[in-house]
Trainee: 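The structure is given below, and queries will be raised subsequently.
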Amino acid sequence: MTSLGGRRRTSPRCGRQVQRQIIQSTWSSLRTRTHRAVRRMGGGAKANATAHAQWAQSSGAVVRQAIVDTVKIALSDPKVKSVVICGQNGNFCGGADIKEFGGEMTGPPLIPMIHAIEAANKPMVAAIEGNALGGGLELALGCHYRIAHSKARLGLPEVTLGLLPAAGGSQRLPRLIGVPDALDLITTGRIVTAAEALRLGIVDQVTEHNTVDAAVKFALSVAGQPLDARRISTFPCPRPPDSDALFEEAMRKVRGSARGAMAPVACVQAVRAAATLPYERGMEREKELMATLFTSGQARALQYVFFAQRAVGRWSMPSGAGWDTSKPRPVNKAAVIGLGTMGRGITVALAQTGLSVVAIETQEKQLMEAKQAVTSMLERGAKRRGAAPALDRISYSRNIQAVADVDLVIEAVFEDMALKLEVFRQLSAFCKPGTLLCTNTSALDVDELARGTPNPELVVGMHFFAPAHVMKLLEVVYGKRSSPQAVATAMQLGKKMGKASVAVGNCRGFVGNRMLRLYVEQAFFLLEEGATPELVDGALEEFGFPMGVFRMSDLSGLDVGWRTRKAAGQAQPGEASGQSARIRNGSRYSPIGDLVCEQGRFGQKTGRGWYQYDKPGSRVARSDPWLHSFLEQYRARHGLVARSIDRQEVLERCLYALVNEGFRILEDGIAAGPEDIDVIYVFGYGWPGHRGGPMFYASTVGLPKVLERLEHYHQAHPDVPDLQPCGLLRRLVASGSPPVHRWREVIKKLHSQL
Ligand SMILES: C[C@H](O)[C@H](C)C(=O)SCCNC(=O)CCNC(=O)[C@H](O)C(C)(C)COP(=O)([O-])OP(=O)([O-])OC[C@H]1O[C@@H](n2cnc3c(N)ncnc32)[C@H](O)[C@@H]1OP(=O)([O-])[O-]
């Protein structure tokens, strides 16, 4: 944030001057320009040019220094009557430089800088365009007035980085908009539109026109007016009736959804300080709470996830092609084939980007039902966003020839290779040349599908997660013949849909499901050895997963996995006993899940699964004595003796087996770096963000520890080859366990040597 000095304007009518300070996006990437342009350009400009160059490559600290200096200049210059603080390149400020958090913080601290602005004896007006987030909004809250452009986005997303608004935001926002709304914005990190910010009272005016001009006009109109009533820190904080109950409820809610994350809890405590303490003491409390978070592993993990999300956008393929060398094809019209649950969600996600969509379903009844479902999903989404539903963007058809003029097709028919091959054959016949053929398969071979078409280079996987219009993750799966342009197009479309899109290579289960198989397999083995679903799920939910393996399986339906195991020839009918019943392809296999399914226990949908439910479809899981005695009988039949298993072993077996497969995926070049795997697990598989993702977690536990534990468990279970530590893990440990952000280059070097 930066500004610092700036351009003066003289109002033609009254000759009064306004100092405009230019800010640009975040403290870090700010270039500041100070223009002492008082209509006389000459020397000023040259001086500015030099000053600008010097600051351009400097970090946030220098920018903060420039703000402090320029505010001092503006306030000491009698000709300046008001000051406008504005951003540049259409952005106000994205807050503190997260990159600075890892190092020594230098330069003037934020809080006194904002205090000086708030204490100013001349109106300080924030002209907000684009993003005003975190420290950027806190700076604006230090100003006496805030003018926003209608497209501006405002918020305090610090909680998503494992932090809290620590430049007075947690103390000023409740004073300005009241406790309930401040609690909502600060504990969720929710970004609001300018319209909502005006309704909440965060901004004073919203303009459709040039925000700086509007702000300068406004700043002139309030020049000389008293400002005491505009210094937010002096406002009493409105105490809602029965605020203790309100804060108890808020704390209960965030503890319920935080899954062990510290920051949301600290955010409630900080806002409570605003409601119960004088401002200065509230600021001390804010500082104390921030100190506990700032150095916590959780903050580091969430900030890693922030940058990992950006890193996966810089995708690459083993061929060396990548985001910076492959130009995406324009996609103006898309089609979705197969309007089951996934197809409907994908249609909604596409329509919400503004694209025209053709939704195709050959069965009349399914087509009508899908149309209704899609319409209500769009209406609900539009209502939440306060926008008009994009109903007119979708056309429905039973005829696959309706794809003739689309740029891209996403196939979402039933998971059956023969059916998908037939659909791809027809698409190749009816689509115009160059149309991308994308499959939403979650398990089938993308290369085999591509081989069924005349243009395999146009085939990629776009693996969505249910519900497809909600879940943020998209695995873009490239096959051996997929062109970099096809991948670039799918990645760009994913970004347009607001997805965390990750480019991965084709293999069984791609990245997410391939790793998940090991995680679930260990959970089944733990049941054989004496654990219960309650113990396994309890440990994983305490770790931070929204649901453990068995509750998740009951939700998604045990029959889904059973069908896959049957298709893979693993699940064999009947209650065979003895060793052979528990060996497949020379490795240990647990038929427990198959046997439970043979009882018709498919989870929530049948009211019985690993847990029991009041009735089919209900969601509240209760322990099921039948299941426990079934496990005892199973162990007895197979000569297994239950032993006591603790939560630590559950975590190590399930998570390290998953991590180990992650290393194999990196070794195979299916994923380019640990960030790819971590973004997949955080945005698609419920891995707690405050644990950074499986690979980041392994680096925090320490690779030597992960290796040692895997060796321990492999020794204990030699019939589980998947527990054998991966070669890449051994290499990383042997090379001194470099930090996770350096693994990508180590892996690149490794592959270049191969
Ligand atoms: C005291 C105070 O209380 C506390 C403690 C704080 O203030 S904590 C900080 C609170 N602020 C935030 O949480 C906002 C974080 N940023 C965003 O949400 C988004 O960036 C954006 C602003 C909505 C723009 O989105 P975009 O899609 O247009 O571009 P991008 O790809 O995301 O970003 C473009 C490039 O800018 C980098 N970048 C963006 N914001 C950054 C930040 N705050 N710090 C460092 N780098 C940042 C990003 O890594 C990327 O780099 P690269 O990958 O190109 O090398």
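For ligands, and for the atoms within them, numbers begin at 1 and follow the listed sequence.
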Trainee: For ligand 1, is G169 a contact, meaning one of its heavy atoms is under 4.0 Å away?
Mentor: no
Trainee: State, yes or no, whether a side-chain contact exists between R744 and D676 at a heavy-atom distance under 4.5 Å.
Mentor: yes
Trainee: Which is it for L156 and ligand 1 at heavy atoms under 4.0 Å: side chain, backbone, both or neither?
Mentor: neither
Trainee: Do K151 and E208 meet the salt-bridge criterion of a basic N to acidic O distance under 4.0 Å?
Mentor: no
Trainee: With heavy atoms under 4.0 Å as the rule, classify the contact between P157 and ligand 1 as side chain, backbone, both or neither.
Mentor: side chain
Trainee: Which atoms of ligand 1 are found less than 4.0 Å from any heavy atom of L110?
Mentor: 1 (C)
Trainee: Once the angle between the rings of F465 and H463 is folded into 0 to 90°, is it parallel (under 30°), tilted (30 to 60°) or perpendicular (over 60°)?
Mentor: tilted
Trainee: Quick one: does ligand 1 sit under 4.0 Å from the side chain of F92, the backbone, both or neither, non-hydrogen atoms only?
Mentor: neither
Trainee: Any idea which heavy atoms bring R153 and L133 closest together, and the distance?
Mentor: O-CD2, 4.1 Å
Trainee: Is E100 in contact with ligand 1, taking contact as a heavy-atom separation below 4.0 Å?
Mentor: no
Trainee: For ligand 1, is any non-hydrogen atom under 4.0 Å from N131's backbone (N, CA, C, O), its side chain (CB onward), both, or neither?
Mentor: side chain
Trainee: Are R272 and T276 close enough that a side-chain donor and a side-chain acceptor fall under 3.5 Å?
Mentor: no
Trainee: Does any pair with a residue in residues 289-309 pass ring pair (Phe, Tyr, Trp, His ring centres under 6.0 Å), and if so which ones, sequence neighbours excluded?
Mentor: F101-F294, Y304-F696
Trainee: Go through ligand 1 atom by atom and flag the ones less than 4.0 Å from a non-hydrogen atom of F101.
Mentor: 5 (C), 8 (S)
Trainee: Going by atom type alone, with no hydrogens or angles, which donor-acceptor pairs under 3.5 Å involve a side-chain atom of residues 485-498 and a protein atom two or more places apart or on another chain?
Mentor:
| from | atom 1 | to | atom 2 | distance (Å) |
| --- | --- | --- | --- | --- |
| Q485 | NE2 | K327 | O | 3.4 |
| T489 | OG1 | R329 | N | 2.8 |
| T489 | OG1 | Q485 | O | 2.7 |

Trainee: Taking 4.0 angstrom as the limit and counting only heavy atoms of E138, give me the atoms of ligand 1 inside it, by number and element.
Mentor: 1 (C), 2 (C), 3 (O)
Trainee: Using distance alone, determine whether A96 and ligand 1 share an N or O pair under 3.5 Å.
Mentor: yes
